[in-house]
Amino acid sequence: VEVTVKARTTIARIVRLATLLVFVAIPGRCALAESSGYFPDWSAIGVPPYPLHDAGINHALITADDVTDYNCVMVADPFLMHAEGSWFLFFEALGYKGVIAVARSEDGVIWHYDRVVFEDTYHISYPFVFRWNDEYYMTVEAGWSRKVRLYKATDFPYGWVEVSTLAVGRRFADPTIFRRNGAWWMFAAEPTNDDCYLYRSDSLESGWVEHPQSPIILNSLSKARPAGRCLLAGVNAYRLAQKCDVCYGEKVR
């Protein structure tokens, strides 16, 4: 019985950590970074954002009820960023449409809702925020526009301005960017969740083209749609995906 309890406890901890890895790279292990400055690389940060088990927290850190400046019924798609000594949690606040909101934390454990920081005339979600060459950037899912637009912060985390269009022609779902071997890459699905497309560029703000082998996943609801940041570990790259063949967002793979 004691062995079984210990095994279950270990499995539970692994599951918690695996879930957090959807959006967080473990410092020093899966740093999504290159010497040229792609962020996040949290290996030098003393307070990683995953001591939830040790802190005795077993409740949601941010809920729809915390969103006070928008009629929100659900929160989704969390992405973390560390800047100027604080943690920022970007997420979708869903009401009559999706908007992007931010919560703030000093230690990665206790979070305080801040406010809505970005919205458009149509539904947006999946605030993929990152830093490159000391500038903060973000892409969002904006399927109705049939475009992937790149935004730069003018007043992080509150002010954002569009700087370029990266891809057009599809209802891009969950566009996910990463930098690898000196090039930029982007995975994106469509709302049907069964195909995954790949785009590439030598420059962040321009020159994006669809890869000749795209779509790299076709007719597979079990692994096509992205589920957060890609992780790099040594020579390996890991793409996290949503399992949607039973229901949308059933599992993360």
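Both backbone and side-chain heavy atoms feed into the values below; hydrogens, waters and symmetry mates do not.
Under a 4.5 Å side-chain heavy-atom criterion applied to ILVMFWY residues, the cluster that includes Leu94 comprises Val73, Met74 as well.
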Which donor-acceptor pairs under 3.5 Å do side chains of residues 246-253 form with protein atoms, sequence neighbours excluded?
{"unit_1": "Glu250", "atom_1": "OE1", "unit_2": "Lys243", "atom_2": "NZ", "d": "2.8"}
{"unit_1": "Arg253", "atom_1": "NH1", "unit_2": "Ser222", "atom_2": "O", "d": "3.3"}

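Taking every heavy atom of both residues into account, Val129 and Trp160 meet most closely at CG2-CH2, 4.0 Å. Here the closest heavy-atom approach between residue Ala189 and residue Pro226 is recorded as CB-CD, 3.8 Å. Between Ala173 and Pro191, the shortest heavy-atom distance links the atoms CB-N, 4.1 Å. Taking both residues in full, the closest heavy atoms of Pro127 and Met138 are given as CB-SD, 3.8 Å, listed atom of the first, atom of the second, then distance.
Scanning for ring-ring contact (aromatic ring centres under 6.0 Å, His included) contacts around Phe88 gives Phe156, with sequence neighbours left out. Applying the ring-ring contact (aromatic ring centres under 6.0 Å, His included) test to Phe91 and every residue at least two apart in sequence or in another chain returns nothing. Checked against side chain to side chain donor-acceptor pair (under 3.5 Å), Ser105 has the following partners two or more places apart in sequence or in another chain: Asp107. Scanning for side chain to side chain donor-acceptor pair (under 3.5 Å) contacts around Asp194 gives Thr192, with sequence neighbours left out. For Tyr70, there are no ring-ring contact (aromatic ring centres under 6.0 Å, His included) partners, not counting sequence neighbours. Evaluation of the salt bridge (Lys or Arg N to Asp or Glu O under 4.0 Å) rule for Glu210 yields Arg170 as partners, not counting sequence neighbours. Partners of Val209 according to the side-chain contact (heavy atoms from CB on, under 4.5 Å) rule, which considers only residues two or more places apart in sequence or in another chain, do not exist here. Under the rule for a side chain to side chain donor-acceptor pair (under 3.5 Å), Tyr151 has no partner lying at least two apart in sequence or in another chain. Residues forming a side chain to side chain donor-acceptor pair (under 3.5 Å) with Arg115 (at least two apart in sequence, or on another chain): none.
Stacking of Arg104 on the aromatic ring of Trp87 is not recorded, the 6.0 Å distance cut-off and the 45° axial limit not both being met.
Atom CG of Asn71 is surrounded by 12 or fewer heavy atoms from other residues, nucleotides or ligands within 6.0 Å. At most 12 heavy atoms of other shown residues, nucleotides or ligands fall within 6.0 angstrom of atom NZ in Lys223. For Gln213, the CD atom sits in a loose shell: 12 or fewer heavy atoms of surrounding residues, nucleotides or ligands are nearer than 6.0 Å.
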Kindly determine whether Arg225 and Glu141 satisfy salt bridge (Lys or Arg N to Asp or Glu O under 4.0 Å), including the steps that lead there.
CA-CA 12 Å; Arg225 186 162 180 152; Glu141 177 186 314; 3.1 Å; yes
What do the steps show when you test Ile177 against Leu166 for side-chain contact (heavy atoms from CB on, under 4.5 Å), and what is the final call?
CA-CA 11 Å; Ile177 292 176; Leu166 306 186; 3.8 Å; yes
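For the side chain to side chain contact (heavy atoms under 4.5 Å, CB included) criterion with Arg149, the lone passing option out of Val168, Val140, Thr165, Thr139 is Thr165. With Phe130 as reference, Tyr137 is the one residue of Tyr136, Phe79, Phe90, Tyr137 to meet the ring-ring contact (aromatic ring centres under 6.0 Å, His included) rule. Exactly one of Trp184, Trp185, Phe128 qualifies for a side chain to side chain contact (heavy atoms under 4.5 Å, CB included) with Phe178. That residue is Trp185.
Two residues are said to be in side-chain contact when any heavy atoms from C-beta on lie closer than 4.5 Å; Gln242 and Asp174 meet this criterion. With contacts defined as side-chain heavy-atom distances shorter than 4.5 Å, the pair His123/Glu92 qualifies. Using a 4.5 Å heavy-atom cutoff, the side chains of Glu119 and Thr121 are not in contact. Annotation: side chain of Leu204 is in contact with side chain of Leu150 (closest heavy-atom distance under 4.5 Å). Side-chain contact between Ile100 and Ile124 is present, with heavy atoms from C-beta onward closer than 4.5 Å. Looking only at side-chain heavy atoms (C-beta outward), Glu205 and Lys152 come within less than 4.5 Å of each other. When side chains are defined from C-beta on, Arg239 counts as touching Cys196, because their heavy atoms get closer than 4.5 Å. The closest side-chain heavy-atom distance from Ser145 to Tyr122 is below 4.5 Å.
Atom CG of Leu198 and atom CE of Met186 lie 8.5 Å apart (nearest 0.5 Å). The distance from the CZ atom of Arg179 to the SG atom of Cys230 is 14.5 Å, given to the nearest 0.5 Å. Atoms CG and NZ, from Asp120 and Lys97 in turn, are 7.0 Å apart once rounded to the nearest 0.5 Å. Between atom NE2 of residue His112 and atom CD1 of residue Ile62 there is a gap of 9.0 Å, rounded to the nearest 0.5 Å.
Side chain of Ser86 to main chain of Ala83: no donor-acceptor pair is present (N/O by atom type, distance under 3.5 Å, no hydrogens or angles). The closest donor-acceptor contact from the side chain of Asn193 to the backbone of Cys244 lies at 3.5 Å or more, if one exists at all.
Residues in residues 190-218 take part in these ring pair (Phe, Tyr, Trp, His ring centres under 6.0 Å) pairs, two or more places apart or across chains: Phe172-Tyr199.
At a threshold of 4.5 Å between side-chain heavy atoms, the hydrophobic network of Ile, Leu, Val, Met, Phe, Trp and Tyr places Leu221 and Leu240 in two separate groups. Taking hydrophobic clusters as Ile, Leu, Val, Met, Phe, Trp and Tyr residues chained together by side-chain heavy-atom distances below 4.5 Å, Leu218 does not share a cluster with Ile216.
The closest side-chain donor-acceptor pair between Thr176 and Tyr126 falls under 3.5 angstrom.
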